[in-house]
There are 2 protein chains.
Amino acid sequence: MKPTIYDIAREAGVSIATVSKVINNTGRIGDKTKQKVMKVMKELDYQPSIVASALTGKRTHTIGLLIPDIANPFFAEIARSVEDMGNELGFSVMMCSTDNNIDKESKYISLLEQKRVDGIIIATGTRNTDVLQNLLKKKLPIALIARDLPSLPVDTVLVDDYMGGYEATSHLISLGHQKISIIAEDLKVMSSKERIRGYRQALEDHGMEYDEEQIHVSDFTIEGGREVAATILAENNPATAIFACNDLLAMGVIQAAREIGVEIPSDLSIIGFDNTILASLCDPPLTTIAQPIQDMGKQVVELLVKEIKQEKQSKQRVVLMPSLEVRNTTSDNTKNLV
Amino acid sequence: MKPTIYDIAREAGVSIATVSKVINNTGRIGDKTKQKVMKVMKELDYQPSIVASALTGKRTHTIGLLIPDIANPFFAEIARSVEDMGNELGFSVMMCSTDNNIDKESKYISLLEQKRVDGIIIATGTRNTDVLQNLLKKKLPIALIARDLPSLPVDTVLVDDYMGGYEATSHLISLGHQKISIIAEDLKVMSSKERIRGYRQALEDHGMEYDEEQIHVSDFTIEGGREVAATILAENNPATAIFACNDLLAMGVIQAAREIGVEIPSDLSIIGFDNTILASLCDPPLTTIAQPIQDMGKQVVELLVKEIKQEKQSKQRVVLMPSLEVRNTTSDNTKNLV
DNA sequence: CTGAAAGCGCTAACAA
DNA sequence: TTGTTAGCGCTTTCAG
């Protein structure tokens, strides 16, 4: 079996308390004893059990990461940055793909609690405030990323979605588009609302009319974007530009356009949101609103860990700025250049 | 604080042994007591500590997943299927991106051991046999996915890389290509060797000459593919087709070609490997060799869990068949149609 | 500077 | 059917 602290103590001729002290570098131990203990630990290839130490009240050094889908490039990239920063600060991360399904979400959370994770980072977009409220009551440290719940006192890191929506729309307007559709992810979700609000504001700031009809709802899949785009393009006097609220949706829009022979960007301009790796690789390369994913991941972990270590007293909200990344899916609306 | 088994016992007026029994559904307990205990558990929102139970010798119900990079779509897709199957069988998964770095790899493994995970799934491609050998000695269940180490007695799930290399090359040959370059990931790695072997065999089976010069080595990044492709295309009499050993490399090849104005597929045919989401989205859509990722993930987890539950006596190797997915980066080598 | 001993929350004989 | 008790491996007073 795996050697325990007792094995080390015996071999080194000391007590387990002493071994524990050298492991954790606590208390004061003579240099010789210390050396000896360390030597024995090497020899026996001793690995202290984190589960045992967690039982005594110490941390598990594990955090949970709740995301809709790790296979979605946006979240995979977030996961990577979370993992890196977590690792740097001494925390492992458990991945939980919820598909934005409320049941999966609560099951995963419950599981994470049973495993006594030190904290949870949440990026799923369900409107399931209760579960979170509950977590908060239990004092389980949580932090939100790329998701906003203004009603809750939680550490949050996100991009200014309003700004992003505004920029995306302004870009399209500056290109001469008069009829701009938007495909949102979920009207209930804050980030969606904000992007739409930005869209609307941009329209109004340019003296254009905001038309509810142009607001379409889908999800966060390529297929979803394809379907909605198909109906948009099938309209009588279709929009000349579409603002897809995430890159995956935009991919779907591109596909839909291609299927019915609509040229991009000459017949239709498309702008996405996120700037995942897909945006630079797709055909044609997608103009999109970039989120500083690396930075976001880094910052949530820092916030969460401070919370875990109780080095903070107040919750925090950090809002990062998105930026327009122009590629080849947007261009002048030549149709109107009579 | 969180309620413990003692709190439940007290509230329900029974012993902790009884509570433990109802939790685990073991032994025989009266229906009334059972109901009462369950009721109290609900009321106090009791969540048994998996860490405490793990300490008594039970499993942690957690497995580690070692991959090069979760942000790489191929591995993200693998991770998703592993997570799903794991979840189904009652295991959480801890993600570990190693960047194929030997140090990170051993650090992560050591960490996983300290956290007492029940098993580890390995998809990283380092030639670090020692660490694995060590794991094996310690009887820690491990399983390999998309990676082959024929010298070790380990459960393994992979695609027939030889076959894949053969098919990719045959496809190119059937299109009339006479000079086909191959960009491999790492000559030391088994899967790379096999793909090259398949490439060579296809060449020879069609009476073509195998030329060492056409073997190029890179890594698993777009940038890597771009660089190597650039040098290939800069040659005097460059290849008319490139077999990139993974989709990311292929993306790089596409970029390199575009940069110097080489048309795809008319001037240059490209075939990838993996069939990640990128292949269908890139420009132009990539012809590639598809790996049955879902199935692979599902099967490794099943193997690993059987190993963990000690329901197997012998190690197993399951080899799945890859399949050619023709898209738009390959076409007749018109140059030779004098 | 070092060790004895009391837990941490739960499981698993073994009794009753 | 239910309860007593001895651990699991480690941390942490508190003595020595």
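Every chain is numbered from 1 and lettered A, B, ... according to where its sequence line falls, protein lines coming before strand lines.
Salt bridge annotation for Asp155(A)-Lys312(A): present, with a cationic side-chain nitrogen under 4.0 angstrom from a carboxylate oxygen. Glu43(B) and Lys39(B) are joined by a salt bridge, as a carboxylate oxygen and a charged side-chain nitrogen come within less than 4.0 angstrom of each other. One finds no salt bridge joining Asp118(B) and Lys309(B) here, because no Lys/Arg side-chain nitrogen approaches an Asp/Glu carboxylate oxygen to under 4.0 Å.
Residue Lys2(A) contributes atom NZ, which lies 15 Å from atom C1' of dC10(D) at whole-angstrom precision. Whole-Å rounding puts the Lys32(A) NZ to dT2(C) P distance at 11 Å. Atoms CE (Met1(B)) and P (dC8(C)) sit 13 Å apart, rounded to a whole Å. Counting to the nearest Å, the C1' atom of dG9(D) and the CZ atom of Arg10(A) are 14 Å from each other. Atom P of nucleotide dC1(C) and atom CD of Gln35(A) are separated by 14 Å, given to the nearest angstrom. One atom, CG of Asp31(B), and another, P of dT1(D), lie 10 Å apart when rounded to the nearest Å. Summarising the geometry, the separation between CG on Asn24(B) and P on dA12(C) is reported as 7 Å, rounded to the nearest angstrom. Atom CG of Asn25(A) is separated from atom P of dT12(D) by 13 Å (rounded to the nearest Å).
Taken from CD in Glu113(B) to NZ in Lys2(A), the straight-line distance is 4.5 Å, to the nearest 0.5 Å. Note that CG of Asn87(A) and OH of Tyr108(B) are 3.5 Å apart. Values are rounded to the nearest 0.5 Å.
Map Ile29(B) and Ile23(A) each onto its nearest nucleotide of DNA chain D; the residue landing nearer the 5' end is Ile29(B).
Within 6.0 Å of atom CD in Gln310(A), 12 or fewer heavy atoms from other residues, nucleotides or ligands are found, so the atom counts as exposed in its surroundings.
Residues from residues 48-63 of chain B lying near DNA chain D, meaning a heavy-atom separation below 4.0 Å, are Leu55(B), Thr56(B) in numerical order.
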Which atoms of nucleotides 3-5 of chain D (N or O only) lie under 3.5 Å from a protein N or O atom, and what are those distances?
residue: dG3(D); atom: OP2; partner: Ser15(B); partner atom: N; Å: 2.9
residue: dG3(D); atom: OP2; partner: Ser15(B); partner atom: OG; Å: 3.3
residue: dG3(D); atom: OP2; partner: Thr18(B); partner atom: OG1; Å: 2.7
residue: dG3(D); atom: O6; partner: Lys21(B); partner atom: NZ; Å: 2.9

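The heavy-atom pair separating Thr124(B) from Ile67(B) by the smallest distance is CG2-C, 3.3 Å. Closest of all the heavy-atom pairs between Ile8(A) and Tyr46(A) is CD1-CB, 3.5 Å.
Phe91(B) is linked by a ring-ring contact (aromatic ring centres under 6.0 Å, His included) to His61(B), counting only residues two or more places apart in sequence or in another chain.
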